[in-house]
Amino acid sequence: MPELPEVETVARRLAAHATGRRILAVHVLDEKQDGVALARLVGNRIATVRRMGKQCVLELRRPRRRHVERYLAVHLRMTGHLYWADALPDDVRHLRVRLDLDRGMVLFEDLRRFGRLTVHEDLASLEPVGLDPTTADFTTAALHRLLADSRQPIKPWLLRQDRLVGLGNIYASEILFAARILPDRAAGSLDAGERRRLHRATRQILRRAIDAAGTTYYALEAGRRVRGTFREQLAVYGQDGDACRRCGEPVRRSVQAQRSTYYCAGCQE
DNA sequence: ACCCTCCTGTCA
DNA sequence: TGACAGGAGGGT
């Protein structure tokens, strides 16, 4: 479930429920996770929760040590889910890690087990290389500098976390549709007007997706499953064969860098 | 640019 | 039975 809007939602919900809570026990149910590192979190208190790139980072305070900090970073990869709950859900088949708190618990579920929980002693090692497109630093000029003279097709370019952080396969297609730019255009070939449209579309799609709590997000709230609703606003992703909502041409699917891309050849140039 | 791997599941 | 799935890292 992991693109920027989903991780942003995860971090906000977790912050609302888990801030100030103390970790009483850690249960690691997947041998691929670092049980030794995670066991050391027992006794720590959750100070803040934030999103950094596509990772959800819990800042922890160790007991009786005001300034010594520690960070738990969670990368959800393809199918990870992370949320607070006051009781275990009915279906725990994909539960991989459980943090018992002094009130409730933090659950990490992951069907495909690609996600990773890592423990860090400083924030610097977690700082993403790429620019976060939701920040004020993301300007058309900054985008221009990043695109530079790249000959890479713009769709796979948008997935590069060393340029912009947070975009994934769903939002890359949606952003290019909104910007009316074909996904196979060379990143460095966009003219000033196209760069402006790309910048604007990136901010707009991410804003709407965050407001909708994402496309693939789900969690438990008061015992009920809640999920993001951006799926209802998708214009092209997963819609090949359907009529384009803008021009009526059929939406197409192609493959770039081994990933599906969805676009409309009628109104994207 | 291409290929593959890590995993487990759903769908045509 | 095979194709494909929110990500990313590796190899050639």
Side-chain angles (χ1 to χ4, degrees), chain A residues 1-11 28-34 51-57 73-83 91-97 108-118 125-126 128-130 132-133 149-177 183-189 202 205-206 208-210 212-219 225 227-242 251-262:
Chain A
M1 66 171 279
E3 295 184 46
L4 187 152
E6 285 77 19
V7 186
E8 182 70 30
T9 303
V10 164
V28 179
L29 308 155
D30 179 0
E31 75 280 0
K32 290 174 67 75
Q33 298 293 341
D34 188 345
R51 176 186 63 79
M52 295 178 75
K54 284 183 186 172
Q55 299 211 84
C56 182
V57 179
V74 181
H75 199 312
L76 302 166
R77 292 289 186 98
M78 292 284 264
T79 53
H81 295 269
L82 182 73
Y83 56 91
D91 181 0
V92 293
R93 269 178 307 170
H94 304 128
L95 182 60
R96 308 300 182 195
V97 177
F108 173 68
E109 298 177 343
D110 189 7
L111 186 157
R112 292 173 74 179
R113 301 162 70 205
F114 291 163
R116 283 295 172 271
L117 278 65
T118 51
S125 60
L126 287 166
V129 191
D132 188 311
D149 49 343
S150 171
R151 285 176 299 278
Q152 188 171 20
I154 187 64
K155 158 54 165 52
W157 186 92
L158 288 173
L159 301 181
R160 293 182 58 165
Q161 303 298 301
D162 62 338
R163 294 297 187 269
L164 295 179
V165 289
L167 300 182
N169 213 34
I170 295 177
Y171 299 111
S173 282
E174 292 297 316
I175 286 166
L176 289 173
F177 175 79
D184 59 356
R185 290 284 307 283
S189 77
T202 301
I205 294 291
L206 291 177
R208 288 181 184 167
I210 290 169
T215 305
T216 60
Y217 171 83
Y218 74 72
R225 276 273 199 256
R227 41 181 74 247
T229 58
F230 194 73
R231 186 171 300 279
E232 300 161 10
Q233 295 182 57
L234 293 178
V236 288
Y237 184 83
Q239 329 244 318
D240 47 319
D242 293 2
V251 171
R252 301 194 195 184
R253 172 184 177 273
S254 70
V255 176
Q256 293 177 286
Q258 295 80 242
R259 313 289 307 275
S260 289
T261 299
Y262 298 89

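Computed from a prediction, not measured in an experiment: that's the story for all the values here. So that the names make sense, note that chain A is the first sequence line, chain B the second, and so on, each numbered from 1. Atom set for the values below is all heavy atoms of this structure, side chains included, hydrogens, waters and symmetry mates excluded.
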Could you list the residues that satisfy salt bridge (Lys or Arg N to Asp or Glu O under 4.0 Å) with A/E31, not counting sequence neighbours? A/R113
Length of the line joining A/Q256:CD and B/dC3:P, which is rounded to integer Å: 14 Å
Take atom P in C/dA8 and the same atom in B/dG9, then report the distance between them in whole Å. 22 Å
So does A/R225 have more than 12 non-hydrogen atoms from other groups sitting under 6.0 Å from CZ? yes
A/K54 has a side chain; which of B/dA1, C/dA5, C/dG7 sits nearest to it? C/dG7
Given A/L4, which partner from the list A/I205, A/L167, A/D132, A/L164 fulfils the side-chain contact (heavy atoms from CB on, under 4.5 Å) test? A/D132
Please determine if a side-chain N or O atom of A/Y262 lies less than 4.0 Å away from the OP1 or OP2 oxygen of C/dA5. yes
Gap between atoms CZ and C1', on A/R231 and C/dA5 respectively (whole Å): 11 Å
Between CG of A/L167 and P of C/dG7 the distance, given in whole Å, is 10 Å
Using the ring pair (Phe, Tyr, Trp, His ring centres under 6.0 Å) criterion, which residues pair with A/Y171? Sequence neighbours excluded. A/F230
Nearest to the side chain of A/S260, heavy atoms from C-beta on, is which of B/dC4, C/dG7, C/dA5? C/dA5
Are any non-hydrogen side-chain atoms of A/L158 and A/P183 less than 4.5 angstrom apart? no
Which residues share a side chain to side chain contact (heavy atoms under 4.5 Å, CB included) with A/R253, sequence neighbours left out: A/D240, A/V255, A/S260, A/Y262
Using the C1' atom as the point on both nucleotides, what is the distance between B/dC6 and C/dT1, in whole Å? 22 Å
Identify which nucleotide among C/dG7, C/dA8, C/dC4 has an atom closest to any side-chain atom of A/R253, counting heavy atoms from C-beta outward. C/dC4
Rounded to whole angstroms, how far apart are CH2 on A/W157 and P on C/dA8? 15 Å
Side chains of A/H94 and A/D110, heavy atoms from C-beta outward: is any pair under 4.5 Å? no
A/F108: which residues meet the ring pair (Phe, Tyr, Trp, His ring centres under 6.0 Å) condition with it, sequence neighbours left out? none
Would you indicate what A/Y237 reaches in the nucleic acid, counting non-hydrogen atoms under 4.0 angstrom: base, sugar-phosphate, or nothing? sugar-phosphate
Which range-with-range stems can be found for DNA chain B when each stem has 3 or more Watson-Crick or G-U pairs in a row and both distances sit under 3.5 Å? B:1-6 with C:7-12, B:8-12 with C:1-5
Classify the nucleic acid contact of A/Q258 as base, sugar-phosphate or nothing, counting any heavy atom under 4.0 Å across all strands shown. base
Would you indicate what A/P153 reaches in the nucleic acid, counting non-hydrogen atoms under 4.0 angstrom: base, sugar-phosphate, or nothing? sugar-phosphate
From the set C/dG7, B/dC3, B/dA1, return the single nucleotide nearest to any side-chain atom of A/H75. C/dG7
With side chains defined as the heavy atoms from C-beta onward, is the minimum distance between A/H75 and A/F114 less than 4.5 Å? no
A/Q161 side chain near C/dG7 phosphate (N/O to OP1/OP2, under 4.0 Å): no
To the nearest angstrom, the CG-P distance between A/L164 and C/dA8 comes to 13 Å
Its contact letters, B for base, S for sugar-phosphate only and - for none at protein heavy atoms under 4.0 Å, make nucleotides 6-12 of chain B read BBBS---
Length of the CZ-P vector between A/R259 and B/dC2, whole Å: 14 Å
Tell me: CG of A/N169 to C1' of C/dA5, nearest whole Å? 9 Å
Min side-chain heavy-atom separation A/E3-A/I170 under 4.5 Å: yes
